[in-house]
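Everything numeric in this text was worked out from a predicted model, so none of it was measured.
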Amino acid sequence: MSNDETSAFYDGNAETYASRERRLPTKRLDAFLAALPAGAKILELGCGGGQDSAYMLGKGFDVTPTDGSAELARQAEKLIGRPVTVMRFQDLQAIGEFDGVWAEASLLHVPRGELFDVFSRIHGALKPGAPLHASFKAGEAEGHDGFGRYYNYPSPDWLSQCLTAGGWRDIALSEADGGGYDGKPTRWLFLTVRK
C-alpha cells in the first residue's frame, strides 16, 4: 500500500471489501492468459479478495497471489485455499521468475514518485517477453478518494512516458468508463506491456 490511510482502509474493511459484489474482468483475464503458455507462472500483485487468482488457478495456471494488506490476504486465502504473500509492491525482489504479472486495480495506489521503481521491479521479475497487465483510475494529478485511499490517477501520456523510459515494449493503453468500490463513475485506464 502507498500510505497509512490506504492500508488502514483495506485492513479495516477487508471482509466487506473481499466479499463485495464484483464482476470478474473475464475479458481482460482471458486476453492476458491467452498470451501465456499453458501452466505459466503468474504473479498477481494486489490480489484483493482473491477472485482473479481463483479464476487463473481454475484455468490451470501457477499463480503466486500477493497483497499489501495482511487482512485482505487472509480473506483471499479463504477463497483460494492457498497462502497469499503479504508484500508491498516496493518490496518485490524476484528476478526473471514469472511468465506474466497481473495487477488489476492495484498499482493505482503506488505514489507517483515510486511508480517508476515499482515498474522496474516488475520488469526484473518477468522473463524476457513476458506481459504485465495493470489498470488505473485515469486522471491528471494524484489524490485521495472519499475513503481516504491514495490514487496516482495517471493520464495515458504520463503512463506511456514512464513505461517507455523504463524499457518496456509493445505498450498498449485503452480507456473505458466504469465504476469502483465507492460507487462513483470512473474512467479506467487499462495497460498491457511486455518486458
Side-chain angles (χ1 to χ4, degrees), residues 1-2 6-110 118-119 121-127 130-137 147 149 151 178-183 186 188 190-193 195:
M1 298 294 120
S2 64
T6 305
S7 296
F9 170 83
Y10 288 111
D11 283 337
N13 297 279
E15 189 169 354
T16 303
Y17 187 83
S19 62
R20 76 196 187 283
E21 179 103 6
R22 175 181 176 256
R23 195 168 66 232
L24 208 63
T26 312
K27 187 176 176 185
R28 291 189 297 281
L29 274 164
D30 286 344
F32 173 74
L33 297 175
L36 301 175
K41 191 170 184 182
I42 299 167
L43 173 65
E44 183 175 11
L45 294 173
C47 72
Q51 296 90 347
D52 294 5
S53 276
Y55 183 85
M56 293 186 282
L57 287 164
K59 297 282 186 180
F61 291 89
D62 178 10
V63 183
T64 300
T66 70
D67 203 275
S69 163
E71 295 302 322
L72 262 182
R74 277 197 269 283
Q75 294 297 319
E77 286 173 350
K78 291 179 191 175
L79 177 69
I80 63 177
R82 63 166 57 192
V84 172
T85 302
V86 178
M87 181 190 74
R88 296 172 71 246
F89 310 128
Q90 295 88 337
D91 297 329
L92 179 61
Q93 301 288 337
I95 301 295
E97 190 176 331
F98 297 98
D99 299 299
V101 171
W102 178 261
E104 178 79 0
S106 60
L107 298 179
L108 42 65
H109 292 309
V110 177
V118 169
F119 278 136
R121 290 173 181 274
I122 295 169
H123 194 275
L126 287 166
K127 295 176 182 176
L132 159 67
H133 164 85
S135 59
F136 298 83
K137 291 186 177 186
F147 294 111
R149 297 178 296 176
Y151 287 90
Y181 182 74
D182 59 6
T186 302
W188 285 95
F190 301 105
L191 158 73
T192 304
V193 288
K195 177 174 179 174

Given side-chain contact (heavy atoms from CB on, under 4.5 Å), test Lys137 with Trp188 step by step and report yes or no.
-> CA-CA 5 Å; Lys137 291 186 177 186; Trp188 285 95; 3.9 Å; yes
Side chain of Gln75, backbone of Gly49: donor and acceptor closer than 3.5 Å?
-> no
Can you name the side-chain contact (heavy atoms from CB on, under 4.5 Å) partners of Ala40, sequence neighbours left out?
-> Leu36, Pro37, Phe61, Asp99
Mind checking what makes side-chain contact (heavy atoms from CB on, under 4.5 Å) contact with Leu29, not counting sequence neighbours?
-> Leu24, Pro25, Asp52, Tyr55, Met56, Trp102
Does the side chain of Met87 reach to within under 4.5 Å of the side chain of Leu45, using non-hydrogen atoms?
-> yes
Lys59 meets the side-chain hydrogen bond (donor to acceptor under 3.5 Å, both in side chains) criterion, sequence neighbours left out, with none
For Val86 and Ala73 the tightest heavy-atom approach is CG2-CB, 3.8 Å
Considering residues at least two apart in sequence or located in another chain, which fulfil the side-chain hydrogen bond (donor to acceptor under 3.5 Å, both in side chains) criterion with Glu71?
-> Arg74
Looking only at heavy atoms, which two atoms of Ser53 and Pro65 are closest? And how far apart?
-> OG-CB, 3.4 Å
Do Tyr10 and His109 have side-chain heavy atoms sitting under 4.5 Å apart?
-> yes
Distance in Å, Thr186 OG1 paired with Phe136 CZ, rounded so as to fall on 0.5 Å steps = 15.0 Å
With sequence neighbours left out, the residues meeting side-chain hydrogen bond (donor to acceptor under 3.5 Å, both in side chains) with Thr192 are none
Passes side-chain contact (heavy atoms from CB on, under 4.5 Å), Ile122 versus Leu107? Steps please.
-> CA-CA 11 Å; Ile122 295 169; Leu107 298 179; 3.9 Å; yes
Set of side-chain contact (heavy atoms from CB on, under 4.5 Å) partners for Ala35, sequence neighbours left out | Arg194
With sequence neighbours excluded, residues passing salt bridge (charged side-chain N to carboxylate O under 4.0 Å, His left out) with Lys41 = Glu97
Beyond-backbone contact of Phe119 with Val193, side-chain heavy atoms, under 4.5 angstrom | no
From Thr85 atom OG1 to Glu77 atom CD, the distance as rounded to the nearest 0.5 Å = 8.5 Å
Going by heavy atoms in the side chains, are Thr66 and Leu92 under 4.5 Å from each other?
-> no
Step-by-step side-chain contact (heavy atoms from CB on, under 4.5 Å) determination, Val110 to Gln90 = CA-CA 9 Å; Val110 177; Gln90 295 88 337; 4.2 Å; yes
What is the minimum heavy-atom distance between Leu79 and Ala54, and which atoms define it?
-> CD2-CB, 4.2 Å
Using the test side-chain hydrogen bond (donor to acceptor under 3.5 Å, both in side chains), find all partners of Arg82 that sit at least two apart in sequence or belong to another chain.
-> none
In terms of the angle between their ring planes, are Phe190 and His133 parallel, tilted or perpendicular, with boundaries placed at 30° and 60°?
-> parallel
